[in-house]
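Keep in mind the model is a prediction, meaning the values are calculated, not measured.
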Amino acid sequence: MLAAAQRLRRSSDFAAAVRGGRRAGRSTVVVHLLIDEPAQASTARAGFVVSKSVGNAVTRNRVRRRLRHLVRPRLADLPDGTLLVVRALPASASASFETLGADLDAALTAARSPRRRR
RNA sequence: CGAGUCGACCGGGCGGUCGCGUCGGUGUUCCUCCGGGAGCAUCGCCGAGGAACGUCCGGACUCCACAGAGCAGGGUGGUUGCUAACGGCAACCCGGGGUGACCCGCGGGAAAGUGCCACAGAGAAGAGACCGCCGGCCUCGUGCCGGUAAGGGUGAAACGGUGGGGUAAGAGCCCACCAGCACCCCGGGCGACCGGGGUGGCUCGGUAAACCCCACCCGGAGCAAGGCCAAGCAAGGCCACCGCCGCGAGGCGGGGGCCGGCGCAGGCAUUCGAGGGCUGCUCGCCCGAGUCUGCGGGUAGGCCGCAAGAGCAUGUCGGCAACGGCACGCCUAGAUGGAUGACCGCCGCCGGUGGCCGCAGGGCCGCCGCGCACAAAAUCCGGCGUACAGGUCGACUCGUCCG
RNA sequence: GGUCCUGUGGAGCAGUUGGAGUGCUCGCCGCCCUGUCAAGGCGGAGGUCGCGGGUUCAAGUCCCGUCAGGACCG
């Protein structure tokens, strides 16, 4: 799980990450990553978007909690001030914990690697 | 043993590692107006449901000054009770279903009035003459006039049923029995209603989940209610001290100090009262000196409300029951991009499969499985409705067999 | 938290005093027309009226419950 300080709490943070960040998708999740944030923020922070198309309230809660648990160790590798938004797709409702973690890793490396642009 | 009815309940368990949220303790860092506050670490307690769901009803609570009257509008509809209240629940009544335990019913009024009843049929609601039956007339015909609702046919429904008398033919026209209706009397029941007797006229269709009538109920909005602080638009605001008030966030008053200098346009008013409360109308009442409309500008932060309650468990008493009284015990989630997750071990259940045992129902031992339902608080309660793998307990009915 | 709307052939819609599931546009099938295709003409098929109950002689229509989709308000 994530502590409250490591989560995105404001609508403006979500908008900044989704609009300004780099995006990479897999079959279960889509990742928005915004790295160059003003240096005042202490740690990297993450937020989750699980829409109603994923399932009812129980499955949405389960997907979000699994994603939080998966994001927690990976958040330490990201530089300070990074904003991360993980959006769950409908396929994530039936995915296992392992495939969810594999997709999240793949999407994160894909979003971080192409730093050669501009 | 088989088939079934009703009610109550559980809805995976135990342990370990790493995490999250509220609250409390400890330590530490920072800030401080010295009251405290914030962050981090660590320890401990607690941490979704029987439906948390749908939002179909009813309340508590808050604001609208009080929560007023009539009309309109909406809702409910056997009776009596229970309840804070209800469209809920219980018992009973009536009607229907079942061999039975039991189940189902928006179950007031059609004799206050209006509307509708397609097609078919002569006729569809104060009756009516198509065929038929009977009588009369003559121009003797596939004729005209009259009587007749017993028969035929149509329809979901045709103005009581059977038998007899009666008649030209018939008809409640008369009579007996039956069914139904209205009124009266007696008995039982708090009541819905039930049982019995008498009189009347013979007779009255259905539909109110069509308008309507009757009885009863309903003021409106909703915790995003509502309140406080900060910031900002703005034009007034900010700061500490003392006293007082508030459940609380906090506020009020006093003297003192500091900063700042009056968005735009239009309408109607200033006690003979604009405008508003009161969302539709009328009355009545209240607030009232500014208010209304449009444009422009600002605001997405924090706190209180916010969890001890029509509360739960046990016992006992009253009541057929729903439920209520008393005693004792317990404290049981409070998030706000929204806290319960991940992994492991053992057991349980389910499905598949293999072996052994048994005449059989089945039992025992293994292996496999993304297997184990439905579905998650958001102010809080009481109901209703709906979804749900599997399981437990109790009461009762019918059938068969044995004693 | 509150207030509403929609569900009818494959698609989009109409459907009133409740009375045969009736209609429109596109699509589909067959035939005609054409050297061929399109357009056009003629004919045809295709329906649990979202689902389950109820009222009524009779329900797409009225009532209740339920499911799915969608919209609005602060």
Side-chain angles (χ1 to χ4, degrees):
Chain A
M1 269 307 305
L2 292 172
Q6 294 176 295
R7 297 203 305 267
L8 295 184
R9 306 290 291 271
R10 307 295 290 274
S11 176
S12 55
D13 295 339
F14 276 85
V18 171
R19 288 169 174 272
R22 206 187 302 275
R23 188 181 64 193
R26 288 296 180 269
S27 63
T28 57
V29 292
V30 174
V31 162
H32 299 265
L33 194 67
L34 182 65
I35 298 180
D36 48 356
E37 177 70 357
Q40 61 189 12
S42 57
T43 64
R45 292 182 297 161
F48 302 92
V49 176
V50 184
S51 82
K52 239 178 187 176
S53 63
V54 173
N56 59 16
V58 176
T59 59
R60 289 203 307 272
N61 274 333
R62 186 172 58 240
V63 165
R64 184 169 60 233
R65 285 163 183 159
R66 282 177 162 174
L67 286 175
R68 276 208 198 111
H69 193 69
L70 288 164
V71 159
R72 199 178 74 92
R74 293 160 176 81
L75 208 59
D77 300 335
L78 296 174
D80 288 351
T82 302
L83 296 185
L84 170 70
V85 167
V86 181
R87 199 170 59 197
L89 296 176
S92 61
S94 55
S96 71
F97 189 73
E98 288 78 13
T99 57
L100 215 59
D103 278 4
L104 183 66
D105 278 334
L108 270 177
T109 52
R112 292 186 70 183
S113 60
R115 57 170 57 95
R116 63 178 182 278
R117 279 186 58 120
R118 78 178 278 278

In whole angstrom, give the distance that lies between atom [atom1] of [X] and atom [atom2] of [N].
X     : N       : atom1 : atom2 : value
A:H69 : B:rC20  : NE2   : P     : 11 Å
A:R68 : B:rG337 : CZ    : P     : 11 Å
A:L67 : B:rG337 : CG    : P     : 18 Å
A:R72 : B:rG341 : CZ    : C1'   : 11 Å

List the residues meeting side chain to side chain donor-acceptor pair (under 3.5 Å) with [X], not counting sequence neighbours, and say none if there are none.
X     : answer
A:R60 : none
A:S94 : none
A:S92 : none

Quiz item: How far, in whole Å, is B:rC393 from B:rC350 if one measures between their P atoms?
Solution: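 Those two atoms are separated by 15 Å.
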Pairing nucleotide - [N], Watson-Crick or G-U, each distance under 3.5 Å:
N       : value
B:rG358 : none
B:rA224 : none
B:rU167 : none
B:rG135 : B:rC145
B:rG77  : B:rC214
B:rC181 : B:rG200
B:rA208 : none
B:rG105 : B:rC94

Quiz item: Quick one: hydrophobic cluster around A:L89, which other residues, with the 4.5 Å side-chain cut-off, linked directly or via members?
Solution: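 Members alongside A:L89: A:V30.
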Quiz item: Reckon A:R64 has a side-chain N or O less than 4.0 Å from the OP1 or OP2 of B:rG337?
Solution: no
Quiz item: Would one find a side-chain N or O of A:R66 under 4.0 angstrom from OP1 or OP2 of B:rA342?
Solution: yes
Quiz item: Dot-bracket for RNA chain C, 5' to 3', counting Watson-Crick or G-U wobble pairs under 3.5 Å, with [ ] for crossing pairs and | for inter-strand pairs?
Solution: (((((((..(((((....[..))))).(((((.......))))).....(((((..]....)))))))))))).
Self-check item: Stretch residues 24-33 of chain A: residues that reach within less than 4.0 Å of RNA chain B through a heavy atom
Solution: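 Here the set is empty: none.
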Exercise. Only counting residues at least two apart or in another chain, list the ones meeting side-chain contact (heavy atoms from CB on, under 4.5 Å) with A:S96.
Key: A:E98, A:T99
Distances under 3.5 Å between nitrogen or oxygen atoms of protein and nucleotides 388-390 of chain B:
none

Taking only N/O atoms, report every protein-nucleotides 65-67 of chain C pair under 3.5 Å with atom names and distance.
none

Under 3.5 Å, N/O pairs linking protein and nucleotides 371-373 of chain B:
none

Exercise. Tell me, please, which residues at least two apart from A:R62 pass salt bridge (Lys or Arg N to Asp or Glu O under 4.0 Å).
Key: none
Using the 3.5 Å cut-off, write out each protein N or O paired with an N or O of nucleotides 375-377 of chain B and the distance between them.
from: B:rA376; atom 1: OP2; to: A:A57; atom 2: N; distance (Å): 3.4
from: B:rA376; atom 1: N7; to: A:N61; atom 2: ND2; distance (Å): 2.5
from: B:rA376; atom 1: N6; to: A:R65; atom 2: NH1; distance (Å): 2.3

